[in-house]
Amino acid sequence: MTLRSETDKETGVAVVTLDRPEKLNAIDLATADELAGAWRAFRFDDGVRAVVVTGAGGRAFCTGLDRDVEVPQPSSPYTIDDPLIAIGPKANDLWKPVIAAVEGMACGGAFYLLGEAEFVVASEEATFFDPHTTYGMVSAYEAIHMAQRMPFGEVARMSLMGTAERVTARRAYETGLVSEVTAPGGAVAAAVRAAGVIASYPTEAVQGTVRAVWSAKEAARAQALAHAPQLIALGNLPVERQAELFKGRGRGSGEFRLR
């Protein structure tokens, strides 16, 4: 199992942990399936009234899709197979509140999860960045998810600067991506506290409120996401060229600016 799920029956809070610390909690196909299954199972579990999602090990919340995963693609430029498209709670029709707790790096495909959480708690040592453009890939789903939370210029900068910059937890708080910054190691505890408060309220009212908040931007979000497959299919470099760029990341490209 690459996913751990523990529920406090007294508080009604479940903690879902990406458990691949040796891979910086990158998501392989098994983990993607487990995430989708967990969110769908929570819909039927009345003992779970709020959820915290985090990553094991402290070095990373999640670093997106595991680069060792092979995902065959159709030849049509109008469609792609994206193994991360259904890893978030909203993609699985879960309207119980989800809080993300970020320690360490959150990058790339991590934004599929952060983008479908109600809010994000991060430790002072957390950093956020999107490496897609550096490696010849279009940041589509990730940028669209973050555009629901951050000002246009901040999303554009993070999406376009690739691995050259990382956004600190403090800057993420200033721009609206993060709602609370904690001491190092304190993100999960703070997220669980908030989830416990929310879980203590009548769940019907809570879920209705979650649905109402999301409905405010749902039409624009859905329309933007509908364009993502074509943008990726047309703009991504061939997989072989992406791999070449990724292999060269240690030759000077490992330097980055904290912002």
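Only this structure's heavy atoms are used, side chains among them; waters, hydrogens and symmetry mates stay out.
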Hey, are K247 and E244 close enough for a salt bridge, meaning a charged N less than 4.0 Å from a carboxylate O? no
Might you confirm whether atom CD of E22 has over 12 heavy atoms from other residues, nucleotides or ligands at distances under 6.0 Å? yes
Could you tell me if the side chain of L113 sits less than 4.5 Å from the side chain of L18, heavy atoms only? yes
Note: E204-R49 ion pair, threshold 4.0 Å (strictly below): no
Output for pair (F111 CZ, F129 CZ), nearest 0.5 Å, gives 8.5 Å
Any side-chain donor paired with an acceptor under 3.5 Å for H145 and E116? no
Under 4.0 Å between a side-chain nitrogen and a carboxylate oxygen: does that hold for R59 and E125? no
Decide yes or no for Y112 and D82: does some side-chain heavy atom of the first lie under 4.5 Å from some side-chain heavy atom of the second? yes
Side chain to side chain donor-acceptor pair (under 3.5 Å) test vs K23 passes for just one of D68, T31, T2, namely D68
For E154 and T175, test the side chains for any donor-to-acceptor distance below 3.5 angstrom and give the result as yes or no. no
Please determine if E218 and R221 form a salt bridge, counting it only when a charged side-chain N lies under 4.0 Å from a carboxylate O. no
For R67, enumerate each residue passing the side chain to side chain donor-acceptor pair (under 3.5 Å) test, keeping only those at least two apart in sequence or located in another chain. none
